[in-house]
Each structure stands twice: as C-alpha cells, then as structure tokens.
Amino acid sequence: MKKFLLILTNQPYNGTDNAYNALRLAGALKNRGEYVRIFLMNDAVDLARNSTQKPENYDFDLVAKLKELHANGVALKVCGSCEARCGLRAGEPYFDSEIKGSMDILASWVAECDQVMTF
C-alpha cells in the first residue's frame, strides 16, 4: 500500500474543477486500497465549512464528498491558521474541530508519503 497526500489550495467552487478532481482522485485511490491523506490550506479551507454551499449551477456537493471521504477513512487535516484568514468564509469554524491541523502535521505527512500532489 502506498501513501498519497493531496494538498488543496484553491477555492472549492472557483470555476475550475481542481477541488472536484482532487476529491475524485482521493476516492479512486482509497477504493484501490491505498492510504490517502488530504490537507486543505489557503482558500481550500472553505471545503471544511458547513456554511459552504454548492452553487445552484454546480452538480456536485464538494463539502459532502469531503465528509464522505473522511468518514470512509481518508485522513483529513485543515490548516489551523487559515481558519481565521482564508476563504470566502474566513473566521467560520470547520465542520469538525478534530480536523484542525498545523504546518508541523503537514511537514510530517509530506515526509511520510510516497507521493504528494497539489491542487
């Protein structure tokens, strides 16, 4: 089993499919039996907020997909200092206080993983 780390940095519903494709890849890797970790930072932290709503014209609920992945064993951490500073919903809490991470955790994950990808 390989260890994969996906680092997301972009706003979830920004007109690209970065977050969508990252979450799809995380699910596909997990389904293959790989060990998957996701770290959210910068504006991607809005993915970890219940207040982030799927736009009407978007057919995929990214927050729900992230929660599903996490519930199914994908390790998830979200930048602690970004909670107050980043995203369209800066200052709003994450959907689970246990997912709050740090740069030290990210550094450990990078060092431990076989492959690191950024989105």
Side-chain angles (χ1 to χ4, degrees):
M1 174 185 339
K2 287 186 174 182
K3 292 182 181 178
F4 293 89
L5 170 59
L6 286 68
I7 302 171
L8 283 70
T9 62
N10 293 304
Q11 184 62 39
Y13 298 106
N14 67 354
T16 71
D17 280 339
N18 288 350
Y20 170 68
N21 287 323
L23 297 178
R24 289 178 51 224
L25 177 59
L29 288 167
K30 179 69 176 163
N31 288 341
R32 293 174 59 115
E34 306 294 354
Y35 186 75
V36 181
R37 293 172 169 171
I38 295 174
F39 194 95
L40 306 177
M41 58 191 321
N42 299 338
D43 289 343
V45 300
D46 277 348
L47 273 173
R49 294 183 166 124
N50 284 325
S51 59
T52 300
Q53 299 295 311
K54 176 184 83 65
E56 235 179 77
N57 65 339
Y58 207 84
D59 59 349
F60 197 74
D61 187 332
L62 299 174
V63 176
K65 180 62 176 175
L66 180 65
K67 287 179 178 181
E68 176 188 322
L69 289 167
H70 184 52
N72 289 327
V74 170
L76 173 64
K77 289 293 179 186
V78 187
C79 177
S81 64
C82 294
E83 184 175 24
R85 299 178 30 239
C86 297
L88 297 174
R89 291 166 171 68
E92 294 182 20
Y94 298 144
F95 60 70
D96 181 346
S97 62
E98 296 296 315
I99 61 174
K100 191 178 281 191
S102 66
M103 195 55 65
D104 285 339
I105 291 171
L106 178 58
S108 294
W109 281 13
V110 167
E112 295 167 5
C113 284
D114 297 301
Q115 188 163 1
V116 177
M117 295 168 271
T118 59
F119 291 84

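Looking at Tyr94, its side chain does come within 3.5 Å of a backbone N or O of Cys79 through a donor-acceptor pair. A donor-acceptor pair is defined here as one N or O able to donate and one able to accept, closer than 3.5 Å; such a pair exists between the side chain of Asp43 and the backbone of Gly87. Using a distance-only test at 3.5 Å, with no hydrogens or angles considered, a donor-acceptor pair links the side chain of Asp61 to the main chain of Val63. The closest donor-acceptor contact from the side chain of Thr52 to the backbone of Leu47 lies at 3.5 Å or more, if one exists at all. Remark: the backbone N or O of Ala90 is not paired with any side-chain donor or acceptor of Arg85 at under 3.5 angstrom. Using a distance-only test at 3.5 Å, with no hydrogens or angles considered, a donor-acceptor pair links the side chain of Lys54 to the main chain of Tyr58.
Between Leu8 and Ala19, the shortest heavy-atom contact is CD2-CA, 4.1 Å. Closest of all the heavy-atom pairs between Asn42 and Cys86 is O-CB, 3.2 Å. When every heavy atom of Arg89 is checked against every heavy atom of Gln53, the shortest pair comes out as NH2-N, 4.4 Å. The two residues Lys30 and Val36 have their closest heavy-atom pair at N-CG2, 3.7 Å.
Both Val45 and Phe119 are part of a single hydrophobic cluster, where members link through side-chain heavy atoms under 4.5 Å apart. Following chains of ILVMFWY side-chain contacts shorter than 4.5 Å, one can reach Phe60 starting from Phe95, so the two form part of one hydrophobic cluster.
With values rounded to the nearest 0.5 angstrom, Thr118 atom OG1 is found 10.5 Å from Met41 atom CE. The CG atom of Asn10 sits 5.0 Å away from the CG atom of Asn18 when rounded to the nearest 0.5 Å. Atom-to-atom distance recorded for Asp59:CG and Glu56:CD is 13.0 Å, nearest 0.5 angstrom. Note: Ile38 CD1 to Met117 CE = 10.0 Å, rounded to the nearest 0.5 Å. In this structure, CG in Asn21 is found 8.5 Å from OG1 in Thr16, a value given to the nearest 0.5 Å. Here Glu83 contributes atom CD and Leu40 contributes atom CG; the two are 12.0 Å apart, rounded to the nearest 0.5 Å.
Relative to the six-membered ring of Tyr35, Lys2 misses at least one condition, a distance below 6.0 Å or an angle of at most 45° to the axis.
A heavy-atom distance below 4.5 Å is not found between the side chains of Pro93 and Arg49. With contacts defined as side-chain heavy-atom distances shorter than 4.5 Å, the pair Leu62/Tyr20 qualifies. Contact annotation: the side chain of Leu29 never approaches that of Asn31 to less than 4.5 Å [non-hydrogen atoms, C-beta and beyond].
Take Asn72 and apply the side chain to side chain contact (heavy atoms under 4.5 Å, CB included) test, not counting sequence neighbours, and it matches Glu68. In this structure Lys77 satisfies the side chain to side chain contact (heavy atoms under 4.5 Å, CB included) test together with Phe39, Ile105, Trp109, sequence neighbours excluded.
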| request: Could you give me the CA-CA distance, side-chain angles and deciding distance for Lys67 and Asn50, then say whether side chain to side chain contact (heavy atoms under 4.5 Å, CB included) is met? | output: CA-CA 10 Å; Lys67 287 179 178 181; Asn50 284 325; 2.4 Å; yes
| query | Could you walk me through whether Leu69 and Leu76 pass the side chain to side chain contact (heavy atoms under 4.5 Å, CB included) check? | reply | CA-CA 9 Å; Leu69 289 167; Leu76 173 64; over 6 Å; no
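Between Arg37 and Glu112 there is a salt bridge, since at least one side-chain N of the basic residue sits less than 4.0 Å from a carboxylate O of the acidic one.
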